[in-house]
Amino acid sequence: MSADDATDSAADVNAGETYTASVVGGTGFTGGELLRILSGHPDFEVVQATSRSADNMTVGRSHPNLRGLDLRFSDPDDLESVDVLFSATPHGVSMGRIDEYFEAADTVVDLSADFRLPEAALYDEWYDGHESPEYLERAEYALPELNRENLPGADLIAGGGCNATATILGLKPLVDAGALGPDAGEVVVDVKVGSSEGGAGGGAASSHPERSGVVRPYAPTSHRHEAEIGAYLGLDVSFTVHAVEMVRGASATCHVFPDEPVSKADLWQAYRGAYADEPFMRIVSGGGGVYRYPEPKAVAGTNHGEVGFELDPGNRRIVVFSAIDNMMKGSAGQAVHAANVALGLPEDAGLEFQGLHPVGSP
(Lines give C-alpha, C1' and ligand atoms only; values in the text may rest on other atoms or scores of the structure.)
Protein backbone atom coordinates (compact mmCIF):
# COMPACT_ATOMS: atom_id res chain seq x y z
CA MET A 1 0.00 0.00 0.00
CA SER A 2 1.39 3.44 -0.93
CA ALA A 3 1.77 6.26 1.58
CA ASP A 4 -1.15 8.11 -0.03
CA ASP A 5 -3.34 5.00 0.13
CA ALA A 6 -2.42 4.48 3.78
CA THR A 7 -3.30 8.08 4.58
CA ASP A 8 -6.63 7.81 2.76
CA SER A 9 -7.43 4.56 4.56
CA ALA A 10 -6.63 6.05 7.94
CA ALA A 11 -8.70 9.11 7.12
CA ASP A 12 -11.71 6.90 6.39
CA VAL A 13 -11.29 5.16 9.74
CA ASN A 14 -10.96 8.42 11.71
CA ALA A 15 -13.65 10.38 9.86
CA GLY A 16 -15.97 12.12 12.31
CA GLU A 17 -13.64 11.87 15.30
CA THR A 18 -12.88 15.12 17.12
CA TYR A 19 -9.51 15.74 18.76
CA THR A 20 -8.96 18.16 21.61
CA ALA A 21 -6.04 20.55 21.18
CA SER A 22 -4.08 23.14 23.09
CA VAL A 23 -1.71 25.86 21.89
CA VAL A 24 1.19 26.66 24.19
CA GLY A 25 2.59 30.13 23.48
CA GLY A 26 -0.62 31.44 21.99
CA THR A 27 0.09 35.18 21.94
CA GLY A 28 2.81 35.01 19.27
CA PHE A 29 2.17 35.34 15.57
CA THR A 30 2.38 31.62 14.84
CA GLY A 31 0.37 30.86 17.97
CA GLY A 32 -2.35 33.11 16.60
CA GLU A 33 -2.21 31.37 13.24
CA LEU A 34 -2.55 28.00 14.96
CA LEU A 35 -5.61 29.24 16.85
CA ARG A 36 -7.11 30.62 13.63
CA ILE A 37 -6.63 27.34 11.77
CA LEU A 38 -7.68 25.04 14.60
CA SER A 39 -10.78 27.08 15.51
CA GLY A 40 -12.08 26.46 11.97
CA HIS A 41 -10.81 22.90 11.70
CA PRO A 42 -13.62 20.32 11.41
CA ASP A 43 -11.75 17.72 13.48
CA PHE A 44 -10.19 19.79 16.28
CA GLU A 45 -11.63 21.44 19.37
CA VAL A 46 -9.33 24.03 20.95
CA VAL A 47 -9.68 23.74 24.72
CA GLN A 48 -6.66 25.72 25.90
CA ALA A 49 -4.30 28.48 24.79
CA THR A 50 -1.52 29.49 27.16
CA SER A 51 0.43 32.67 27.79
CA ARG A 52 2.31 33.96 30.82
CA SER A 53 2.03 37.58 29.76
CA ALA A 54 -1.67 37.46 28.88
CA ASP A 55 -2.96 35.00 31.50
CA ASN A 56 -6.78 35.21 31.77
CA MET A 57 -7.03 37.71 28.91
CA THR A 58 -9.16 36.97 25.87
CA VAL A 59 -7.52 35.55 22.78
CA GLY A 60 -9.01 38.43 20.79
CA ARG A 61 -6.98 40.93 22.79
CA SER A 62 -3.77 39.61 21.21
CA HIS A 63 -5.29 38.51 17.90
CA PRO A 64 -8.03 40.92 16.83
CA ASN A 65 -9.05 38.66 13.95
CA LEU A 66 -10.08 36.09 16.60
CA ARG A 67 -12.32 38.34 18.70
CA GLY A 68 -15.20 35.97 18.03
CA LEU A 69 -13.33 33.07 19.66
CA ASP A 70 -14.68 32.36 23.15
CA LEU A 71 -11.35 31.48 24.76
CA ARG A 72 -9.03 33.03 27.34
CA PHE A 73 -5.33 32.47 27.79
CA SER A 74 -4.30 30.41 30.79
CA ASP A 75 -1.04 29.82 32.64
CA PRO A 76 1.31 27.47 30.73
CA ASP A 77 2.18 25.71 34.00
CA ASP A 78 -1.42 24.44 34.21
CA LEU A 79 -1.66 22.30 31.10
CA GLU A 80 -4.96 20.59 30.41
CA SER A 81 -5.15 17.02 29.18
CA VAL A 82 -5.62 17.02 25.39
CA ASP A 83 -5.14 14.77 22.41
CA VAL A 84 -2.72 17.13 20.62
CA LEU A 85 -0.52 19.85 22.08
CA PHE A 86 0.89 22.44 19.69
CA SER A 87 3.87 24.34 21.10
CA ALA A 88 4.60 27.75 19.54
CA THR A 89 7.26 28.82 22.03
CA PRO A 90 10.75 30.25 21.47
CA HIS A 91 13.67 27.92 20.90
CA GLY A 92 14.76 26.13 24.05
CA VAL A 93 11.39 25.99 25.82
CA SER A 94 9.99 22.75 24.42
CA MET A 95 13.14 20.70 24.97
CA GLY A 96 12.97 21.62 28.65
CA ARG A 97 9.27 20.86 29.00
CA ILE A 98 8.85 17.89 26.68
CA ASP A 99 8.16 15.44 29.51
CA GLU A 100 5.39 17.75 30.79
CA TYR A 101 3.98 18.02 27.31
CA PHE A 102 3.68 14.27 26.97
CA GLU A 103 2.06 14.01 30.39
CA ALA A 104 -0.64 16.34 29.05
CA ALA A 105 -1.00 15.09 25.46
CA ASP A 106 -0.76 11.98 23.32
CA THR A 107 0.75 13.91 20.40
CA VAL A 108 3.08 16.92 20.57
CA VAL A 109 3.66 19.21 17.59
CA ASP A 110 6.54 21.60 18.22
CA LEU A 111 6.99 24.66 16.00
CA SER A 112 10.36 25.72 17.39
CA ALA A 113 13.79 24.45 16.37
CA ASP A 114 13.99 22.12 19.38
CA PHE A 115 13.41 18.79 17.63
CA ARG A 116 13.76 19.53 13.91
CA LEU A 117 17.36 18.31 13.61
CA PRO A 118 17.93 14.55 13.79
CA GLU A 119 21.16 14.44 15.81
CA ALA A 120 22.40 16.00 19.04
CA ALA A 121 25.74 16.78 17.38
CA LEU A 122 23.97 19.18 15.02
CA TYR A 123 22.57 21.10 18.01
CA ASP A 124 26.09 21.32 19.42
CA GLU A 125 27.27 22.75 16.10
CA TRP A 126 24.39 25.06 15.19
CA TYR A 127 22.67 25.89 18.50
CA ASP A 128 23.69 25.62 22.17
CA GLY A 129 23.34 21.88 22.64
CA HIS A 130 20.19 19.97 23.56
CA GLU A 131 18.55 19.25 26.91
CA SER A 132 16.56 16.20 25.79
CA PRO A 133 18.54 14.47 23.03
CA GLU A 134 16.81 11.16 23.73
CA TYR A 135 13.72 12.56 21.97
CA LEU A 136 15.44 13.41 18.70
CA GLU A 137 15.14 9.93 17.16
CA ARG A 138 11.45 9.92 18.10
CA ALA A 139 10.69 13.22 16.34
CA GLU A 140 9.43 13.34 12.77
CA TYR A 141 10.11 16.34 10.53
CA ALA A 142 6.77 17.99 9.84
CA LEU A 143 7.03 18.82 6.13
CA PRO A 144 4.70 16.28 4.44
CA GLU A 145 6.10 16.87 0.96
CA LEU A 146 9.39 15.56 2.30
CA ASN A 147 8.44 13.16 5.09
CA ARG A 148 4.83 12.05 4.53
CA GLU A 149 5.54 8.32 4.75
CA ASN A 150 6.91 8.65 8.30
CA LEU A 151 4.21 10.92 9.74
CA PRO A 152 1.23 8.54 10.20
CA GLY A 153 1.07 7.65 13.88
CA ALA A 154 3.93 9.98 14.88
CA ASP A 155 3.56 11.35 18.40
CA LEU A 156 6.33 13.98 18.26
CA ILE A 157 6.28 16.22 15.20
CA ALA A 158 8.92 18.90 14.62
CA GLY A 159 8.04 21.86 12.44
CA GLY A 160 10.58 22.99 9.87
CA GLY A 161 12.14 26.43 9.71
CA CYS A 162 10.45 28.75 7.22
CA ASN A 163 13.61 29.60 5.26
CA ALA A 164 14.62 25.96 5.16
CA THR A 165 11.10 24.98 4.08
CA ALA A 166 11.09 27.40 1.14
CA THR A 167 14.53 26.17 0.06
CA ILE A 168 13.77 22.47 0.49
CA LEU A 169 10.56 22.74 -1.51
CA GLY A 170 12.45 24.47 -4.33
CA LEU A 171 15.37 22.05 -4.49
CA LYS A 172 13.80 18.69 -3.56
CA PRO A 173 12.59 17.83 -7.11
CA LEU A 174 16.15 18.24 -8.41
CA VAL A 175 17.48 15.98 -5.66
CA ASP A 176 14.79 13.37 -6.36
CA ALA A 177 15.58 13.47 -10.08
CA GLY A 178 19.29 12.97 -9.48
CA ALA A 179 20.26 16.41 -10.79
CA LEU A 180 21.58 17.39 -7.35
CA GLY A 181 23.47 15.44 -4.75
CA PRO A 182 26.38 15.69 -2.30
CA ASP A 183 28.87 15.74 -5.19
CA ALA A 184 26.94 18.16 -7.41
CA GLY A 185 28.10 21.64 -8.26
CA GLU A 186 27.66 24.68 -6.09
CA VAL A 187 24.19 25.70 -4.85
CA VAL A 188 23.71 29.35 -3.85
CA VAL A 189 20.51 30.27 -2.01
CA ASP A 190 19.22 33.80 -1.41
CA VAL A 191 16.09 34.15 0.72
CA LYS A 192 13.95 37.27 1.24
CA VAL A 193 11.74 37.22 4.34
CA GLY A 194 9.02 39.35 5.92
CA SER A 195 9.06 41.00 9.32
CA SER A 196 6.78 38.42 10.96
CA GLU A 197 9.71 36.00 10.91
CA GLY A 198 11.13 38.00 13.82
CA GLY A 199 8.08 37.15 15.93
CA ALA A 200 5.79 39.37 17.97
CA GLY A 201 8.76 40.57 20.03
CA GLY A 202 11.18 41.08 17.16
CA GLY A 203 13.06 43.96 18.79
CA ALA A 204 14.44 47.24 17.47
CA ALA A 205 15.46 45.89 14.07
CA SER A 206 11.84 44.88 13.38
CA SER A 207 10.24 48.18 14.40
CA HIS A 208 8.45 49.85 11.51
CA PRO A 209 10.71 52.93 11.16
CA GLU A 210 13.79 50.71 11.00
CA ARG A 211 12.29 47.96 8.85
CA SER A 212 10.41 50.10 6.35
CA GLY A 213 11.97 50.22 2.91
CA VAL A 214 14.86 47.89 3.65
CA VAL A 215 16.53 45.08 1.76
CA ARG A 216 18.78 44.16 4.67
CA PRO A 217 21.14 41.16 4.79
CA TYR A 218 20.72 39.83 8.31
CA ALA A 219 22.24 36.37 7.96
CA PRO A 220 24.89 36.63 5.23
CA THR A 221 26.47 33.30 6.19
CA SER A 222 26.02 30.37 8.59
CA HIS A 223 22.25 30.65 8.98
CA ARG A 224 20.96 27.87 11.26
CA HIS A 225 18.48 26.67 8.66
CA GLU A 226 21.41 25.43 6.59
CA ALA A 227 21.55 22.53 9.04
CA GLU A 228 18.05 21.37 8.02
CA ILE A 229 18.83 21.59 4.33
CA GLY A 230 21.92 19.50 4.86
CA ALA A 231 20.17 16.99 7.10
CA TYR A 232 17.13 16.39 4.89
CA LEU A 233 18.38 17.03 1.36
CA GLY A 234 22.02 16.04 1.84
CA LEU A 235 23.17 19.33 0.33
CA ASP A 236 25.71 21.89 1.42
CA VAL A 237 24.44 25.27 0.25
CA SER A 238 25.80 28.81 0.30
CA PHE A 239 22.93 30.53 2.10
CA THR A 240 22.06 34.19 2.66
CA VAL A 241 18.90 35.76 4.08
CA HIS A 242 17.62 39.32 3.57
CA ALA A 243 14.93 41.13 5.54
CA VAL A 244 12.61 43.02 3.17
CA GLU A 245 9.56 45.19 3.56
CA MET A 246 6.72 42.72 3.71
CA VAL A 247 4.95 41.23 6.72
CA ARG A 248 4.34 37.65 5.58
CA GLY A 249 6.41 35.58 3.24
CA ALA A 250 9.65 33.81 2.45
CA SER A 251 10.93 33.84 -1.12
CA ALA A 252 13.95 31.71 -2.03
CA THR A 253 16.00 32.07 -5.19
CA CYS A 254 18.36 29.13 -5.66
CA HIS A 255 21.22 29.18 -8.17
CA VAL A 256 22.16 25.63 -9.10
CA PHE A 257 25.18 24.69 -11.20
CA PRO A 258 24.73 20.99 -12.07
CA ASP A 259 27.64 18.90 -13.28
CA GLU A 260 25.64 17.44 -16.16
CA PRO A 261 23.55 19.36 -18.73
CA VAL A 262 19.84 19.66 -17.92
CA SER A 263 17.07 20.51 -20.38
CA LYS A 264 13.85 22.46 -19.79
CA ALA A 265 11.94 19.22 -20.37
CA ASP A 266 14.02 17.56 -17.64
CA LEU A 267 13.05 20.32 -15.23
CA TRP A 268 9.34 20.07 -15.99
CA GLN A 269 9.50 16.31 -15.57
CA ALA A 270 11.26 16.66 -12.22
CA TYR A 271 8.88 19.25 -10.77
CA ARG A 272 5.70 17.67 -12.09
CA GLY A 273 6.89 14.30 -10.86
CA ALA A 274 7.48 15.69 -7.39
CA TYR A 275 4.41 17.89 -6.98
CA ALA A 276 1.63 16.92 -9.39
CA ASP A 277 -0.24 15.06 -6.65
CA GLU A 278 0.64 17.38 -3.76
CA PRO A 279 -2.46 19.22 -2.48
CA PHE A 280 -0.61 22.40 -1.52
CA MET A 281 2.09 22.77 -4.18
CA ARG A 282 1.81 24.86 -7.32
CA ILE A 283 4.27 25.07 -10.22
CA VAL A 284 4.51 28.66 -11.48
CA SER A 285 7.19 28.93 -14.11
CA GLY A 286 7.18 31.70 -16.67
CA GLY A 287 3.58 31.42 -17.81
CA GLY A 288 1.26 34.24 -18.81
CA GLY A 289 -0.23 36.99 -16.67
CA VAL A 290 1.29 39.31 -14.11
CA TYR A 291 2.45 36.65 -11.64
CA ARG A 292 4.81 34.60 -13.79
CA TYR A 293 6.97 33.20 -11.00
CA PRO A 294 6.38 32.32 -7.35
CA GLU A 295 5.54 35.28 -5.12
CA PRO A 296 4.76 35.39 -1.38
CA LYS A 297 1.87 37.77 -2.08
CA ALA A 298 0.07 35.05 -4.04
CA VAL A 299 0.15 32.56 -1.15
CA ALA A 300 -0.29 34.93 1.82
CA GLY A 301 -2.51 33.39 4.51
CA THR A 302 -2.49 29.97 2.85
CA ASN A 303 -0.69 26.67 3.27
CA HIS A 304 0.30 26.67 -0.40
CA GLY A 305 3.84 26.70 -1.69
CA GLU A 306 4.79 27.87 -5.17
CA VAL A 307 7.86 26.71 -7.09
CA GLY A 308 9.25 27.66 -10.48
CA PHE A 309 12.47 27.62 -12.47
CA GLU A 310 14.36 28.99 -15.43
CA LEU A 311 17.25 27.47 -17.35
CA ASP A 312 20.37 29.52 -18.09
CA PRO A 313 22.25 27.24 -20.52
CA GLY A 314 24.92 29.81 -21.31
CA ASN A 315 26.07 29.73 -17.70
CA ARG A 316 25.09 26.08 -17.10
CA ARG A 317 22.80 27.37 -14.37
CA ILE A 318 19.32 26.50 -13.12
CA VAL A 319 17.51 29.28 -11.27
CA VAL A 320 14.88 27.90 -8.91
CA PHE A 321 12.22 30.08 -7.27
CA SER A 322 9.99 29.19 -4.35
CA ALA A 323 7.56 31.19 -2.23
CA ILE A 324 5.61 30.45 0.95
CA ASP A 325 3.84 32.29 3.73
CA ASN A 326 6.40 31.92 6.50
CA MET A 327 3.74 31.71 9.22
CA MET A 328 1.62 29.20 7.33
CA LYS A 329 3.51 26.78 5.06
CA GLY A 330 6.63 27.74 6.98
CA SER A 331 5.13 27.19 10.44
CA ALA A 332 1.50 26.88 11.62
CA GLY A 333 0.02 25.55 8.38
CA GLN A 334 2.79 23.00 8.02
CA ALA A 335 2.22 21.91 11.64
CA VAL A 336 -1.50 21.36 11.12
CA HIS A 337 -0.90 19.63 7.78
CA ALA A 338 1.53 17.24 9.49
CA ALA A 339 -0.90 16.65 12.36
CA ASN A 340 -3.63 15.82 9.84
CA VAL A 341 -1.38 13.20 8.27
CA ALA A 342 -0.27 11.82 11.64
CA LEU A 343 -3.86 11.41 12.83
CA GLY A 344 -5.20 10.07 9.54
CA LEU A 345 -7.36 13.12 8.80
CA PRO A 346 -7.89 14.63 5.34
CA GLU A 347 -4.68 16.47 4.54
CA ASP A 348 -6.40 19.72 3.64
CA ALA A 349 -8.70 19.80 6.69
CA GLY A 350 -8.68 23.30 8.13
CA LEU A 351 -6.31 24.49 5.39
CA GLU A 352 -8.64 25.05 2.46
CA PHE A 353 -8.20 28.85 2.26
CA GLN A 354 -6.97 29.78 -1.23
CA GLY A 355 -5.82 33.34 -0.53
CA LEU A 356 -7.02 36.71 -1.80
CA HIS A 357 -6.53 38.73 -4.99
CA PRO A 358 -6.07 41.61 -5.26
CA VAL A 359 -4.46 42.14 -1.89
CA GLY A 360 -1.97 44.62 -0.48
CA SER A 361 1.43 43.93 1.01
CA PRO A 362 1.27 40.53 2.74
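What you are looking at is a predicted structure, and each value in this text was computed from that prediction instead of being measured. Residue indices begin at 1 and follow the sequence shown.
Classification of the Tyr275-Tyr271 ring pair by plane angle, with boundaries at 30° and 60°, yields tilted.
Within a 6.0 Å sphere centred on CG of Asp312, other residues, nucleotides and ligands contribute more than 12 heavy atoms. Heavy atoms of other residues, nucleotides or ligands lying less than 6.0 angstrom from CD of Glu134 number more than 12. Heavy-atom contacts from other residues, nucleotides or ligands closer than 6.0 Å to CD of Glu125 number more than 12.
Cluster annotation: Val23 is not connected to Tyr101 through the hydrophobic network of ILVMFWY side chains, with a link wherever side-chain heavy atoms come within less than 4.5 Å. No chain of hydrophobic side-chain contacts below 4.5 Å, direct or via other Ile, Leu, Val, Met, Phe, Trp or Tyr residues, connects Val84 to Tyr135. Taking hydrophobic clusters as Ile, Leu, Val, Met, Phe, Trp and Tyr residues chained together by side-chain heavy-atom distances below 4.5 Å, Val108 does not share a cluster with Leu35. Side-chain heavy atoms closer than 4.5 Å link hydrophobic residues (I, L, V, M, F, W, Y) into clusters, and following such links, even through other members, never connects Leu117 to Tyr141. Both Leu343 and Leu34 sit in one connected hydrophobic cluster of ILVMFWY residues. Membership requires side-chain heavy atoms under 4.5 Å apart, directly or through other members.
Put simply, the side chain of Ser22 never gets that close to the backbone of Ala49: no donor and acceptor are under 3.5 Å apart. For Tyr123 (side chain) and Asp114 (main-chain N/O), a donor-acceptor pair under 3.5 Å exists by modelled atom type. Between the side chain of Asn303 and the backbone N or O of Leu351, no donor-acceptor pair lies under 3.5 Å. In this structure a side-chain-to-backbone donor-acceptor pair under 3.5 Å is missing from Asn340 to Leu345. Put simply, the side chain of Asn326 never gets that close to the backbone of Ala250: no donor and acceptor are under 3.5 Å apart. The closest donor-acceptor contact from the side chain of Arg211 to the backbone of Ala205 lies at 3.5 Å or more, if one exists at all. A donor-acceptor pair is defined here as one N or O able to donate and one able to accept, closer than 3.5 Å; such a pair exists between the side chain of Thr240 and the backbone of Pro220. Using modelled atom types, no side-chain atom of Glu228 and backbone atom of Glu226 make a donor-acceptor pair closer than 3.5 Å. In this structure, Glu140 contributes its side chain and Arg138 its backbone to no donor-acceptor pair below 3.5 Å. Of the possible polar contacts, one joining the Arg292 side chain to the Gly287 backbone as a donor-acceptor pair under 3.5 Å is found.
Between His304 and the choices Arg282, Glu278, Lys329, the side chain to side chain contact (heavy atoms under 4.5 Å, CB included) rule is met once, by Arg282. Each of Asp124, Asp128, Leu122 was compared with Trp126 under the side chain to side chain contact (heavy atoms under 4.5 Å, CB included) criterion, and only Leu122 meets it. In summary, of the residues considered (Leu169, Thr302, Val307), a side chain to side chain contact (heavy atoms under 4.5 Å, CB included) with Ile324 occurs for Leu169 alone.
Summarising the geometry of Ile318 relative to Pro258, their closest heavy-atom pair is CD1-CG, 3.9 Å, with the distance given to 0.1 Å. For Thr20 against Ser81, the heavy-atom pair with the smallest separation is OG1-O, 4.5 Å. Considering all non-hydrogen atoms of both residues, Asp77 and Asp75 come closest at N-OD1, 2.7 Å. The two residues Arg148 and Glu145 have their closest heavy-atom pair at NH1-CA, 4.5 Å. Nearest heavy atom pair, residue Leu38 against residue Ala21, reads CD1-CB, 4.4 Å. A pairwise comparison of heavy atoms in Ala349 and Val336 identifies O-CG1, 4.3 Å as the closest pair.
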Sequence neighbours left out, cut at 3.5 Å: what donor-acceptor pairs do the side chains of residues 171-178 make with other protein atoms?
unit_1: Lys172; atom_1: NZ; unit_2: Asp176; atom_2: OD2; d: 2.6

Could you give the side-chain donor-acceptor pairs of residues 56-72 under 3.5 Å, partners two or more places apart or in another chain?
unit_1: Thr58; atom_1: OG1; unit_2: Arg61; atom_2: N; d: 3.4
unit_1: His63; atom_1: NE2; unit_2: Gly26; atom_2: O; d: 2.6
unit_1: Arg72; atom_1: NH1; unit_2: Asn56; atom_2: O; d: 2.7

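Using a 4.0 Å cut-off between a side-chain N of Lys or Arg and a carboxylate O of Asp or Glu, Arg116 and Asp110 do not qualify as a salt bridge.
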side-chain contact (heavy atoms from CB on, under 4.5 Å) evaluation trace for Glu295 with Phe321: CA-CA 9 Å; Glu295 292 197 31; Phe321 310 98; over 6 Å; no
Could you walk me through whether Met95 and Phe115 pass side-chain contact (heavy atoms from CB on, under 4.5 Å), step by step? CA-CA 8 Å; Met95 69 171 72; Phe115 299 99; 4.2 Å; yes
How far apart are the C-alpha atoms of Arg97 and Leu79, what are their side-chain angles, what is the distance that settles it, and do they pass the side-chain contact (heavy atoms from CB on, under 4.5 Å) test? CA-CA 11 Å; Arg97 299 194 66 194; Leu79 296 177; 3.8 Å; yes
What do the steps show when you test Ser212 against Glu245 for side chain to side chain donor-acceptor pair (under 3.5 Å), and what is the final call? CA-CA 6 Å; Ser212 180; Glu245 188 176 6; 3.2 Å; yes
Is there a side chain to side chain donor-acceptor pair (under 3.5 Å) between Glu310 and Tyr293? Walk through the geometry before answering. CA-CA 10 Å; Glu310 276 298 341; Tyr293 296 99; 2.7 Å; yes
For a side-chain contact (heavy atoms from CB on, under 4.5 Å) check, start with the C-alpha distance between Val256 and Phe309, then their side-chain angles and the critical distance, and finish with the verdict. CA-CA 10 Å; Val256 178; Phe309 48 82; over 6 Å; no
Please determine whether ring pair (Phe, Tyr, Trp, His ring centres under 6.0 Å) holds for the pair Tyr127 and His91, giving the CA-CA distance in whole Å, both sets of side-chain angles, and the decisive distance to 0.1 Å. CA-CA 10 Å; Tyr127 292 87; His91 172 67; 4.7 Å; yes
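With rounding to the nearest 0.5 Å, the separation of CD in Glu100 from OG in Ser87 is 11.0 Å. Distance check, rounded to the nearest 0.5 Å: OG1 of Thr107 to OH of Tyr19 gives 8.5 Å. Once rounded to the nearest 0.5 Å, the distance linking OG of Ser94 with CD of Glu131 reads 10.5 Å. Rounding to the nearest 0.5 angstrom, the gap separating the CG atom in Leu111 from the OG1 atom in Thr30 is 5.5 Å. Atom-to-atom distance recorded for Phe102:CZ and Leu85:CG is 9.0 Å, nearest 0.5 angstrom. Taken to the nearest 0.5 Å, the CG atom of Asp266 stands 9.0 Å off from the CG atom of Leu311.
Annotation: ring pair (Phe, Tyr, Trp, His ring centres under 6.0 Å) contacts involving residues 333-353, sequence neighbours excluded, comprise Phe280-His337. Applying the ring pair (Phe, Tyr, Trp, His ring centres under 6.0 Å) test to residues at least two apart or on different chains, the pairs with a partner in residues 21-43 are His41-Phe44.
Thr165 meets the side-chain hydrogen bond (donor to acceptor under 3.5 Å, both in side chains) test with Gln334; sequence neighbours excluded. By the side-chain hydrogen bond (donor to acceptor under 3.5 Å, both in side chains) test, Asp190 pairs with Lys192, His242, sequence neighbours left out.
Within the 4.5 Å cutoff, the side chain of His357 has heavy atoms near those of the Tyr291 side chain. Within the 4.5 Å cutoff, side-chain heavy atoms of Met328 are placed close to those of Arg248.
Looking at Ser74 and Gln48, their side chains do bring a donor and an acceptor atom within 3.5 Å of each other.
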